[in-house]
K.L.:
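Below: one structure in C-alpha cells.
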Amino acid sequence: QVTLVESGGGSAQAGGSLRLSCLVSGSVSTQYCVGWFRQAPGKEREGVGALYSGNLLSYVAASVKDRFTISHDSTKNTAYLQMNNLKPEDTAMYYCAARMSYGPCGAREDTYNYWGQGTQVTVSS
C-alpha cells in the first residue's frame, strides 16, 4: 500500500502564498507520478499539475501555471505545490495523488490509484 499525507493548507489573503506538501510513503516505486488536484464546492475536481518523481514536469494547468509551481524531492519522497499570488477562486480542497506503475502522468483522475486525504485552502479578499 501507498499512503499520501498532505500538509500546508490553511487560510491566506489574496496575493499571499501557501506551500502544500505531499509525503508519499509505503510501497513506493523508484519512479512514480504525483498529481495535484483541487475541488471547489459544487464543482468538478480539476487537475492542477503533475510531475514524475525525478522532478520531471508533466504539466501545469493553464489557469494556474503563471502562479503555481510543482516540484518533487526524491530524498524525501515529497511533492510540493507552491502557490503564489493566491486568488479567492483558488479556494478549494486540494488533493495529491500518485501512480506507481508505468503509464501517463496527467490530469485524468483515473491515472491515479492512490489519493491523499485532501487539505482545505481558503483565500479571502
Side-chain angles (χ1 to χ4, degrees):
Q1 296 295 321
V2 174
T3 300
L4 283 68
V5 179
E6 297 159 309
S7 60
S11 299
Q13 298 291 322
S17 298
L18 287 172
R19 187 196 195 200
L20 306 185
S21 299
C22 175
L23 175 64
V24 183
S25 62
S27 300
V28 183
S29 300
T30 301
Q31 300 290 333
Y32 57 92
C33 164
V34 178
W36 288 97
F37 295 81
R38 66 183 183 182
Q39 186 170 27
K43 297 183 179 180
E44 294 184 342
R45 188 155 55 189
E46 63 179 352
V48 176
L51 80 174
Y52 298 95
S53 58
N55 205 33
L56 177 64
L57 179 68
S58 179
Y59 86 101
V60 178
S63 60
V64 301
K65 67 179 181 180
D66 57 333
R67 300 181 294 117
F68 293 7
T69 58
I70 55 175
S71 61
H72 184 270
D73 185 341
S74 295
T75 67
K76 300 178 180 179
N77 279 342
T78 300
Y80 302 95
L81 176 61
Q82 178 68 46
M83 304 184 292
N84 297 325
N85 193 23
L86 285 162
K87 302 177 180 180
E89 52 263 42
D90 295 320
T91 295
M93 287 288 294
Y94 283 73
Y95 302 86
C96 63
R99 177 189 181 92
M100 295 294 121
S101 61
Y102 174 84
C105 183
R108 288 182 55 148
E109 292 188 17
D110 60 5
T111 297
Y112 307 93
N113 50 4
Y114 300 99
W115 291 81
Q117 76 284 357
T119 184
Q120 178 69 38
V121 171
T122 302
V123 184
S124 59
S125 300

K.L.:
Roughly how far apart are Tyr114 OH and Cys96 SG, rounded to 0.5 Å?
P.N.:
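Nearest 0.5 Å value for the OH-SG distance: 14.0 Å.
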K.L.:
Check the pair Glu6 / Leu20 against side chain to side chain contact (heavy atoms under 4.5 Å, CB included), numbers first and verdict last.
P.N.:
CA-CA 7 Å; Glu6 297 159 309; Leu20 306 185; over 6 Å; no
K.L.:
Is there a donor-acceptor contact under 3.5 Å linking the side chains of Arg99 and Tyr112?
P.N.:
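Result is no, nothing qualifies.
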K.L.:
About how many Å separate CZ of Arg19 and OG of Ser7, when rounded to the nearest 0.5 Å?
P.N.:
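Interatomic distance, Ser7 OG to Arg19 CZ, rounded to 0.5 Å: 9.0 Å.
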K.L.:
Before giving the answer on side chain to side chain contact (heavy atoms under 4.5 Å, CB included), spell out for Gln120 and Thr91 the whole-Å C-alpha distance, their side-chain angles and the decisive distance to 0.1 Å.
P.N.:
CA-CA 8 Å; Gln120 178 69 38; Thr91 295; 3.9 Å; yes
K.L.:
Between OH of Tyr80 and CG of Asn55, what distance do you get to the nearest 0.5 Å?
P.N.:
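These two atoms lie 10.5 Å from each other.
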K.L.:
Testing the basics here: between Ser125 and Ala14, what is the closest heavy-atom pair and its distance to 0.1 Å?
P.N.:
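Of all heavy-atom pairs spanning Ser125 and Ala14, the closest is CA-CB, 4.2 Å.
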K.L.:
Determine whether Val34 and Leu81 fall in the same hydrophobic cluster, where Ile, Leu, Val, Met, Phe, Trp and Tyr are linked whenever their side-chain heavy atoms lie under 4.5 Å apart.
P.N.:
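Yes, because Val34 and Leu81 connect within a single hydrophobic cluster, where side-chain heavy atoms sit under 4.5 Å apart.
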K.L.:
If I compare all heavy atoms of Arg45 with all of Gln39, which pair ends up nearest, and what's the gap?
P.N.:
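So the minimum-distance heavy-atom pair works out to N-NE2, 3.7 Å.
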K.L.:
Which heavy atom of Ala50 sits nearest a heavy atom of Cys105, and at what distance?
P.N.:
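Smallest heavy-atom distance, with atoms named: CB-SG, 3.8 Å.
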K.L.:
Roughly how far, to the nearest 0.5 Å, is the CG atom of Leu56 from the CG atom of Leu51?
P.N.:
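Reported value, rounded in 0.5 Å steps: 8.0 Å.
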K.L.:
For the backbone of Pro104 and the side chain of Thr111, can you confirm whether one donor and one acceptor N or O come within less than 3.5 Å of each other?
P.N.:
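No; zero donor-acceptor contacts below 3.5 Å.
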K.L.:
Applying the side-chain contact (heavy atoms from CB on, under 4.5 Å) test to Leu23, which of Thr78, Asp73, Thr3 qualifies?
P.N.:
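So, applying the side-chain contact (heavy atoms from CB on, under 4.5 Å) to Leu23 and each of Thr78, Asp73, Thr3, only Thr78 qualifies.
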K.L.:
Kindly work out whether a path of hydrophobic side-chain contacts (I/L/V/M/F/W/Y, heavy atoms less than 4.5 Å apart) joins Val64 to Tyr94.
P.N.:
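Per the 4.5 Å side-chain linkage, Val64 and Tyr94 are co-clustered.
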K.L.:
Do any N or O atoms from the side chain of Asn84 and from the backbone of Ser17 form a donor-acceptor pair under 3.5 angstrom?
P.N.:
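Side chain of Asn84 to backbone of Ser17: no pair is present.
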K.L.:
Could you state whether Val28 and Ile70 fall into the same hydrophobic cluster, counting links through intermediate Ile, Leu, Val, Met, Phe, Trp or Tyr residues with side-chain heavy atoms under 4.5 angstrom apart?
P.N.:
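Val28 clusters together with Ile70.
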K.L.:
Do Tyr32 and Asn77 pass the side chain to side chain contact (heavy atoms under 4.5 Å, CB included) test, and can you show the C-alpha distance, the side-chain angles, and the key distance before you say yes or no?
P.N.:
CA-CA 10 Å; Tyr32 57 92; Asn77 279 342; 3.2 Å; yes
K.L.:
Testing the basics here: between Phe68 and Val48, what is the closest heavy-atom pair and its distance to 0.1 Å?
P.N.:
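Looking at all heavy atoms of both residues, the shortest contact is CD2-CG1, 3.9 Å.
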K.L.:
Working to the nearest 0.5 angstrom, can you tell me the gap between Thr122 OG1 and Gln13 CD?
P.N.:
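Result: 11.5 Å between the selected atoms.
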K.L.:
Are Leu57 and Trp36 in one and the same hydrophobic cluster, where Ile, Leu, Val, Met, Phe, Trp and Tyr link if side-chain heavy atoms are under 4.5 Å apart?
P.N.:
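Hydrophobic grouping puts Leu57 with Trp36.
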K.L.:
Might you point out which heavy atoms bring Ala92 and Arg38 nearest each other, and give the distance in Å?
P.N.:
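It is CB-CB, 3.9 Å.
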K.L.:
Quick one: do Val123 and Phe37 end up in the same hydrophobic cluster if we chain Ile, Leu, Val, Met, Phe, Trp and Tyr together by side-chain heavy atoms under 4.5 Å apart?
P.N.:
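The answer is no; the residues belong to distinct hydrophobic clusters.
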K.L.:
Does any N or O in the side chain of Ser74 come within less than 3.5 Å of the main-chain N or O of Ser53, such that one atom is a donor and the other an acceptor?
P.N.:
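Yes, the answer is positive, given that a donor and an acceptor are paired below the 3.5 Å cut-off.
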K.L.:
Search all heavy atoms of Gln117 against all heavy atoms of Tyr95 and return the closest pair with its distance.
P.N.:
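Distance-wise, the nearest heavy atoms are O-CE2, 3.9 Å.
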K.L.:
Going through the distances and angles, do Tyr59 and Lys65 end up as a side chain to side chain contact (heavy atoms under 4.5 Å, CB included)?
P.N.:
CA-CA 9 Å; Tyr59 86 101; Lys65 67 179 181 180; over 6 Å; no
K.L.:
Taking the side chain as everything from C-beta on, heavy atoms only, tell me whether Met83 gets closer than 4.5 Å to Arg67.
P.N.:
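When only atoms from C-beta onward are counted, Arg67 and Met83 do not touch, as no gap falls below 4.5 Å.
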